[in-house]
Undergrad: 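There's a structure below that I have some questions on.
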Amino acid sequence: MKKHIILFAAIASALSFSLPAFADAGDSPTLKRIQDSGVVNIGHRETSIPFSYIGSNNEPEGYSIDLCHKIVDAIKVQLGVSSLEINYVPVTGQTRIPLIANGTIDMECGSTTNNLTRQKQVEYLPTTFITGTKIASKIGSGINELEDMNGMVIGMSAGTTNEKAIKAAIAADGLDIKVVTVKDHSQGWLALKTDRIDAYGSDDVLLYGLISKSNNPSNYQVTGRFLSFDPYALMVQRNDSTFERLGRATMAGLMRSGEMHEIYAKWFEPGPTAINMPMSSTLRVAFEVQALPN
């Protein structure tokens, strides 16, 4: 009997070395950091309605925040823990990429466009929304397209793809439009409300969100053609394929099960801010294409 016990112990010991542990950070610096601290650092925007903004309970909420919470749930499973603390870190258009790149935040859960230039510094998970640059103005302003703004002032958030797109369009057509950059959307919207600018440029969905939260939504309009095409995605660090795969697998699972459609409907159809934007056929197809099988 003693020989059998010794043999069993030897086999068990060998298996412990040959089988990977389920609850393990593996080779992921992000998961290792979370495992050691028990904290997930989530970067969020404060006024990117309805993706990531400060809600009535003074906590970050929105479509992107909900998606990041799903990734936090997946991290718990991966690490074999029942709970993790979430530390919310506010970011702006100018700080979000540096804070991901230097590891201050583990995920950026806002309204960030995925493009090739930014991929030199950060990595993106699957596309979660598709939008583009348009302009918002007061009804009666006579502004329908950017070309109607000769001699006027347009504002936009610094460090965004919208800023680049609008400046390029102004230069291409030789338009006489003064450009004013602001820190964030709330500052830009206040400038429009108080007539310091004639229009504010951003992604159309963010403009609709700002209008829905304004005191007099009927005073504002979103007009014009798309000046850029912007697929949104959550950001994570580069050179961490293990954590990136965990995020990709989580997003694919939500798309495959249909839960992504439910989360979308919660925030957009009509959503707590009454934005009322049914899912576009383009986004629906994007979800179907990205719903990779296990």
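Small disclaimer: the values here were computed from a predicted structure and weren't measured. Values below: every heavy atom of this structure, side chains too, minus hydrogens, waters and symmetry copies.
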Undergrad: Thinking salt bridges, do E108 and R45 make one under a 4.0 Å N-O criterion?
TA: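 A salt bridge is absent here (no side-chain N lies under 4.0 Å from a carboxylate O).
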Undergrad: Name the residue from T161, N162, T160, T131 that meets the side-chain hydrogen bond (donor to acceptor under 3.5 Å, both in side chains) definition with D203.
TA: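 By the side-chain hydrogen bond (donor to acceptor under 3.5 Å, both in side chains) criterion, D203 pairs with just one of T161, N162, T160, T131: N162.
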Undergrad: Does the side chain of H185 come under 3.5 Å of the side chain of Y200 through a donor N or O and an acceptor N or O?
TA: yes
Undergrad: State, without any angle test, whether R33 and N41 hold a side-chain donor-acceptor pair at a distance under 3.5 Å.
TA: no
Undergrad: Is any NZ, NE, NH1 or NH2 atom of the basic residue among E147 and R225 found under 4.0 Å from an Asp or Glu carboxylate oxygen of the other?
TA: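 The answer is yes: the pair qualifies as a salt bridge.
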Undergrad: Does any part of the side chain of I34, heavy atoms only, come nearer than 4.5 Å to the side chain of L79, both counted from C-beta?
TA: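 With C-beta onward as the side chain, the pair touches.
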Undergrad: May I ask you to check whether W267 and F129 place their ring centers less than 6.0 Å from one another?
TA: no
Undergrad: Roughly how far, to the nearest 0.5 Å, is the CG atom of L99 from the CD atom of Q237?
TA: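 Going from CD on Q237 over to CG on L99, the span is 11.0 Å.
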Undergrad: Counting N and O atoms only, with roles assigned by atom type, does the side chain of Q78 sit under 3.5 Å from a partner on the main chain of D24, one being a donor and the other an acceptor?
TA: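 Pair found, side chain donor or acceptor close to backbone of D24.
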Undergrad: Determine whether the side chains of T104 and N102 contain a donor N or O and an acceptor N or O closer than 3.5 Å.
TA: yes
Undergrad: Would you say the side-chain atoms of R96 pair up with the backbone N or O of G43, donor to acceptor, closer than 3.5 Å?
TA: no
Undergrad: Could you tell me whether E288 and R284 make a salt bridge, using a distance below 4.0 angstrom between a side-chain N and a carboxylate O?
TA: no
Undergrad: Between K32 and D36, does at least one N-O distance fall below 4.0 Å, as a salt bridge requires?
TA: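 Yes, charged N to carboxylate O under 4.0 Å.
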Undergrad: Are D106 and T30 linked by a side-chain donor-acceptor pair shorter than 3.5 Å?
TA: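 T30 and D106 do not have a side-chain donor-acceptor pair below 3.5 Å.
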Undergrad: Determine, for K138 against D195, whether the closest basic-nitrogen to carboxylate-oxygen distance falls under 4.0 angstrom.
TA: yes
Undergrad: Can you tell me how the ring of Y63 sits relative to the ring of F51, calling it parallel under 30°, perpendicular over 60° and tilted otherwise?
TA: perpendicular
Undergrad: So that I can tick it off, tell me whether E163 and K167 are bridged by a salt bridge, with the cut-off set at under 4.0 angstrom between side-chain N and carboxylate O.
TA: yes
